[in-house]
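As structure tokens, the structure follows; a few thoughts come after it.
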Protein chains: 2
Amino acid sequence: MPSKPPAPITIDAVYAAPGYLFRRMQQIAVSIFMEECKAFDLTPVQYAALIAIHTHPGIDATRLSAVIAFDRSTLGSVIERLQAKDYIERKPAPEDKRIKLLYLTKSGAAILREIIPAVERAQARMLEPLKPTERKTLMGLLVQLVDLNNEASRVPLRAEDALEHLGKAG
Amino acid sequence: MPSKPPAPITIDAVYAAPGYLFRRMQQIAVSIFMEECKAFDLTPVQYAALIAIHTHPGIDATRLSAVIAFDRSTLGSVIERLQAKDYIERKPAPEDKRIKLLYLTKSGAAILREIIPAVERAQARMLEPLKPTERKTLMGLLVQLVDLNNEASRVPLRAEDALEHLGKAG
DNA sequence: CCTAGATCGTCAGTATACTGTCAATCAACA
DNA sequence: TGTTGATTGACAGTATACTGACGATCTAGG
């Protein structure tokens, strides 16, 4: 088969490019999340951080960044905002003066319980235009792709490593 | 079939959520793009803007935002940076004093030609972990999903509308 | 004990994104 | 023609993201 000639430099090539589609889909996802959750004053990132702190009480900021694969620098301001809203509190670690341990407040635990249905509605809406079979296929491929590309991002996901400091058996 | 009990509030639910996966994949995509294109000092957004201006010379900022589905406010600073790098120029429109028309400079056209191979390497790398069949399936579903969710984002893509001002037949 | 290297939180700087607002300008209609 | 309403570019304010650097602190090795 003759190889295709080089594609002309045109915007149509961008529309079909994986990077463009991922960016677009991410924007759509955030938009849907914010719409469903507008009663709660929580962003997707803040929600993920709350969930992670709920799952791992007493985690520190660096490990939290590994658990949700968010940049450590960015996480600083996210934590600040969650603390300002009284959803989390930070306590100094007795055995390591560098570390501040993160815990949910009662407010934080409460808003987490309340927001769950809205978040699930949002997640469902993102995939709603597809047929059920297609949704499963897409999610399956995406889980695979994100996992196999894990090391390509600046902050690879380290779900297990992050548990070690909590004294769980490795 | 008995319905599943409500999922416990845990970080594992987040790992499987579409919104989380889209965010993660977008970050990975940007990271790969920047790595492949680090010789060129162009971000993915700036690249898309350049391509769009190349395809539609004399477009204005508002229509450009519709053509690449980027926020108009954000686009202002993107244009500023591209202009500072001497990749584009802005000329006032004679018939409408509000509008500034965008054109590629020779530098802009040149860097666009040079960067294409790196961009294509980046796009290929994003999907590399998947088998060829899976790549096609994923891209097909993603194109569909982005298209069907077009109106859900703040800045829906308006590829055709944006051409009208250039005098093309509708 | 004391230093070399690693780690933690933080900060400065840059770049997307989105919300809401504004003055200048244009278009349409009474 | 004169005013209303829409559009354009710009701006302020907030929130992610990433790079690179920094002081404080901890750990290991000698």
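The basis for the numbers below is simple: all heavy atoms, side chains too, and nothing from hydrogens, waters or symmetry mates.
At C/dT16, none of the side-chain N or O atoms of A/Arg24 fall inside 4.0 Å of OP1 or OP2 (strictly under the cut-off). For the OP1/OP2 pair of C/dA15 and a distance below 4.0 Å, the side-chain nitrogens and oxygens of B/Arg81 include at least one atom meeting the criterion.
One interatomic measurement links the two molecules: CG of A/Asp41 to C1' of D/dA15, which rounds to 12 Å at whole-angstrom precision. If you measure from atom CD of A/Gln27 to atom P of D/dA15, you get 18 Å, rounded to the nearest angstrom. Atoms CZ (B/Phe33) and P (C/dA15) sit 14 Å apart, rounded to a whole Å. D/dT8 atom C1' lies 12 Å from atom CG of B/Leu102, rounded to whole Å. A straight line from CD of B/Glu80 to C1' of C/dA15 spans 12 Å, rounded to a whole angstrom. Per the geometry, CG belonging to B/Leu82 stands 16 Å off P belonging to C/dT14, to the nearest Å. Rounding to whole angstrom units, CE of residue A/Met34 and C1' of D/dT14 are separated by 10 Å. For the pair A/Phe70 CZ and C/dT16 P, the computed distance is 20 Å after rounding to whole Å.
Put simply, the residue from B/Ile88, B/Val67, B/Ile68, B/Leu101 that forms a side chain to side chain contact (heavy atoms under 4.5 Å, CB included) with B/Ile53 is B/Ile88.
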- Message: Each nucleotide in nucleotides 1-8 of chain C should get exactly one letter: B, S or -. Can you fill that in based on protein heavy atoms under 4.0 Å?
- Response: ------BB
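Contacts of A/Val78 with the nucleic acid, taken as non-hydrogen atoms under 4.0 Å apart, involve only primed sugar atoms and P, OP1 or OP2.
Inter-residue side-chain proximity for A/Phe22 and B/Ile28 is flagged as unmet; no heavy-atom pair is nearer than 4.5 Å.
In this structure a side-chain-to-backbone donor-acceptor pair under 3.5 Å is missing from A/Arg90 to A/Lys100. Between the side chain of A/Gln123 and the backbone N or O of B/Gly19, at least one donor-acceptor pair lies under 3.5 Å.
Annotation: proximity of residues 43-52 of chain B to DNA chain C (heavy atom, distance under 4.0 Å) is found for B/Thr43, B/Val45, B/Gln46, numbered in ascending order.
With hydrogens and angles ignored, a donor-acceptor pair closer than 3.5 Å exists between the side chain of B/Ser73 and the base of C/dG20.
For A/Ser77 and A/Glu95, each mapped to the nucleotide of DNA chain D holding its nearest heavy atom, the one lying further toward the 5' end belongs to A/Ser77. Remark on DNA chain D: of its neighbouring residues A/Lys97 and A/Lys85, the 5'-side contact belongs to A/Lys85, judged by nearest-heavy-atom nucleotide.
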